[in-house]
Colleague: 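There's a structure below that I have some questions on.
Labels below follow one simple rule: chain letters A, B, ... track the order of the sequence lines, proteins then strands, and each chain is numbered from 1. A quick note: this is a predicted structure, and the numbers were derived from the prediction, not measured.
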There are 2 protein chains.
Amino acid sequence: MSGKVEMVTMRDVAQASGFSPATVSIVLNNAPLARYIAPATKKRIEDAARKLGYRPNAMARFLRSRRSQTVGVMIFDITDPFCTPVLRGIENALYQSSYVPIFADAHNQRSRFERYLEMLLEHHVEALIVVANWLFVDIQLLADLSKRNITAATIGWEVPGDSVSSVMVDNEAGGRLALEHLYHLGHRKIAVIRGPKMLIDSGPRWKGVQKFAHSVSLELDPSLVAQLPDELEANSGFEGGYRFTEELLERKKKFTAVLAFDDLTALGAIRALTKAGIKVPEQCSVVGFDDVPLSALAAPSLTTVRQPLEAMGNLAASTVVEGIKAGLEKRDWSISRHKMPPELVIRDSTKAVPAAATMG
Amino acid sequence: MSGKVEMVTMRDVAQASGFSPATVSIVLNNAPLARYIAPATKKRIEDAARKLGYRPNAMARFLRSRRSQTVGVMIFDITDPFCTPVLRGIENALYQSSYVPIFADAHNQRSRFERYLEMLLEHHVEALIVVANWLFVDIQLLADLSKRNITAATIGWEVPGDSVSSVMVDNEAGGRLALEHLYHLGHRKIAVIRGPKMLIDSGPRWKGVQKFAHSVSLELDPSLVAQLPDELEANSGFEGGYRFTEELLERKKKFTAVLAFDDLTALGAIRALTKAGIKVPEQCSVVGFDDVPLSALAAPSLTTVRQPLEAMGNLAASTVVEGIKAGLEKRDWSISRHKMPPELVIRDSTKAVPAAATMG
DNA sequence: GATCTGCCTTGAAACGATTCAAACAACGGA
DNA sequence: TCCGTTGTTTGAATCGTTTCAAGGCAGATC
């Protein structure tokens, strides 16, 4: 209860057990040489370590072995509800492999991203996972990492070249799923809110929508289609969805459904509809994209195209851990590019189109 | 573009600049001795470092100086929307001081908490911030940390004794604020959903509610008061709020407002009311607590008692950084216990009680 | 010319682990 | 007795910094 606890070092364990530090190291790490160590020796060393409460010093270990047991996790904006499940997935996978995540939040700022990258490199992370949803393109990143052979993976984003693994949702399939759902419910006049140009997701999703429309000869009225502006604010989608929907209503456009770029946009659209006295889903259906956690809690709960966010985080982390292992064992290893299948989650914000459209 | 980049060490900088590693270290760290170094020398060393792209090796530095530039951030469950803003606040403050957060998510499991604590100690974090909202009480934690003199702070929680700083909201004042608001809107028949016993917040909030009720001679009908069960699931509050409200309605209880333990509970209550055809806020007001990010997006947007979550994270982080500094300079330093003032945020889920109550 | 004073700069010892080549002990066979 | 073998254990170097007592070198003082 009084003075500081002196750190217990390997030397202490060696002394206590009567063997040399070398032997202790070999036993405690179960290094290859451990197979030559007498069982009795192992036991005595392990007992001593336990008794003294020995904890290896991660830093000292690193210095010799080049292993920091640390992975950098760079998030573009933790405030975005998209990130939380992804982070959970990453954390969980790393935990299984006894890696510790160093958390970096870029706040959507490039300068912050770079400074954090610098810090992560100083801490010699063994791998880097970047959760981003737009084009942070950074050649420096690519060069720095692959040269220092730090395995890296991105989530929701892809880096050109073949040095970084990636995990994404199949956006095109997702776009298709969303429109297909509305179409099968009988909707024909559908407003579409496309994502900002700067987001990599926007293009493919829209393509999926168009392709499906084409396949069933559905004409998408261009005056019902809008594109969200490029914005860095985390919740700007909500605003955007709200404004565009409001505008459509003011212009007295007719539509029975809104296909929104993502869940926040959908929520914004719903807010505008509700405010104008239009009931969702009775008078107008709304479908989102992502299935962020709050979508299930919203009122009405949101029909959406689900990205398996936690699984994506998990996969990315497992991938880099695999990459680290391969590097250690000097095995060959090539990056992977995963496209996860999206899944339609039907909740309360969509409904079959009423026999007679009630909106004007 | 070919082989790996060899690490640039301080020795390389020394060689390139024509000085010794000692001098380089002194200059690059701007150590006390730096005031004796000739300006020209400094410049040459700094130039060389820049040119070679020298990056200090955090591990090696630690080994000598005992400073890992690392702070452990233990979160009880990142899935809880409460945590995100807090995490943001912590991250931001640490970033300002060039500390890097090591992220640990206990998933509400004690075993995981302990394992992570172990890992954080191995990585020699210079401080620990624990975001928890219930009694994880752990004597081990206390002993281990203060003995190894690692400064620690908790958020939303307090540790007995005087070794750990804490930042909390003033729950009692918050409870008061919530009821006061409803009362001033004219509500008299108010259902109250108290928090789970295991949460430290529950008691004081309820106490605040009671005190205010007493001060205005308002009688709280015990049959309109429920307590959420002890549950570890992150979103269990929603379920709880839903179920209790549903039950009240089934029992045909009369009330014009619900005072919920937290935002999720409030959202659950709203869901139940809406499902029963009762309009919020026209027929029934609902007030939450916390002001988690999704409260503003919910429909109707939620009136709630705001905890300054980001500020709380920020404060906790600044506090431990201060503690680290004090320790380094062998200054005296005593822990602090902050109680942040809550703030009523009026949105769309509350309204003056109608002249004639319409509910049965 | 010896000694003293500042100024700058540096040698060398840590820090706590890992890693091999090498040492050691014991034993059987020649 | 000597050698080789087998089965265990270890000495000593090393990783990249930091730190501080000590060193070198002008110029000033006696």
Colleague: Considering only side-chain heavy atoms of B/R61, which listed nucleotide, D/dT17, D/dC20, D/dT10, is closest?
Modeller: D/dT17
Colleague: Assess whether a salt bridge exists between A/R112 and A/D105, defined as any Lys/Arg side-chain N lying under 4.0 Å from an Asp/Glu carboxylate O.
Modeller: no
Colleague: Out of D/dT14, C/dC8, C/dC20, which has the shortest distance to the side chain of A/R64?
Modeller: D/dT14
Colleague: Nearest-Å distance, CZ (B/F62) to P (C/dC15)?
Modeller: 12 Å
Colleague: Measure the distance from CE on B/M7 to P on D/dC15 and round it to the nearest whole Å.
Modeller: 10 Å
Colleague: Closest approach to the side chain of B/A60, judged atom by atom: which nucleotide of C/dA17, D/dT17, C/dT10 is it?
Modeller: D/dT17
Colleague: A/L63 side chain: which of C/dC15, D/dC15, D/dT17 is closest?
Modeller: D/dC15
Colleague: For B/Y99 and B/E91, test the side chains for any donor-to-acceptor distance below 3.5 angstrom and give the result as yes or no.
Modeller: no
Colleague: Can you find a side chain N or O atom of A/N29 that sits less than 4.0 Å from OP1 or OP2 on C/dA17?
Modeller: no
Colleague: Quick one: A/Q69 CD to C/dA17 C1', roughly how many Å, whole number?
Modeller: 13 Å
Colleague: Judged by atom type as modelled, is there a donor-acceptor pair below 3.5 Å linking the side chain of A/S65 to the main-chain atoms of A/R61?
Modeller: yes
Colleague: Does the distance from a Lys or Arg side-chain N to an Asp or Glu carboxylate O, for B/R50 and B/D47, drop under 4.0 Å?
Modeller: yes
Colleague: Among the candidates D/dT9, C/dG16, C/dT18, find the nucleotide nearest to the side-chain atoms of A/T9.
Modeller: C/dG16
Colleague: Which nucleotide sits closest to the side chain of B/S65: D/dA12, D/dT18, D/dT9?
Modeller: D/dT18
Colleague: To the nearest Å, give me how far apart CD1 (B/I26) and C1' (C/dT9) are.
Modeller: 8 Å
Colleague: Are A/R331 and A/E322 ion-paired here, with the side-chain N under 4.0 Å from a carboxylate O?
Modeller: yes
Colleague: Rounded to the Å, how far apart are B/F19 CZ and D/dT17 C1'?
Modeller: 19 Å
Colleague: Given D/dG11, D/dG16, C/dC8, which nucleotide is nearest the side-chain atoms of B/Y36?
Modeller: C/dC8
Colleague: Rounded to whole angstrom units, what separation is found between the CD1 atom of A/I37 and the C1' atom of C/dC20?
Modeller: 13 Å
Colleague: Whether B/T41 contacts C/dT9 is assessed here as follows: a side-chain N or O lying under 4.0 Å from the phosphate OP1 or OP2. Is that the case?
Modeller: yes
Colleague: What is the distance from CG of B/N57 to C1' of D/dT18, rounded to the nearest Å?
Modeller: 13 Å
Colleague: B/E122 CD to C/dG16 P: how many Å, rounded?
Modeller: 15 Å
Colleague: Please tell me which of the listed nucleotides, D/dC15, C/dC20, C/dG11, lies nearest to the side chain of B/A22?
Modeller: C/dG11
Colleague: Does C/dT10 have OP1 or OP2 sitting under 4.0 Å from an N or O in the side chain of B/T23?
Modeller: yes
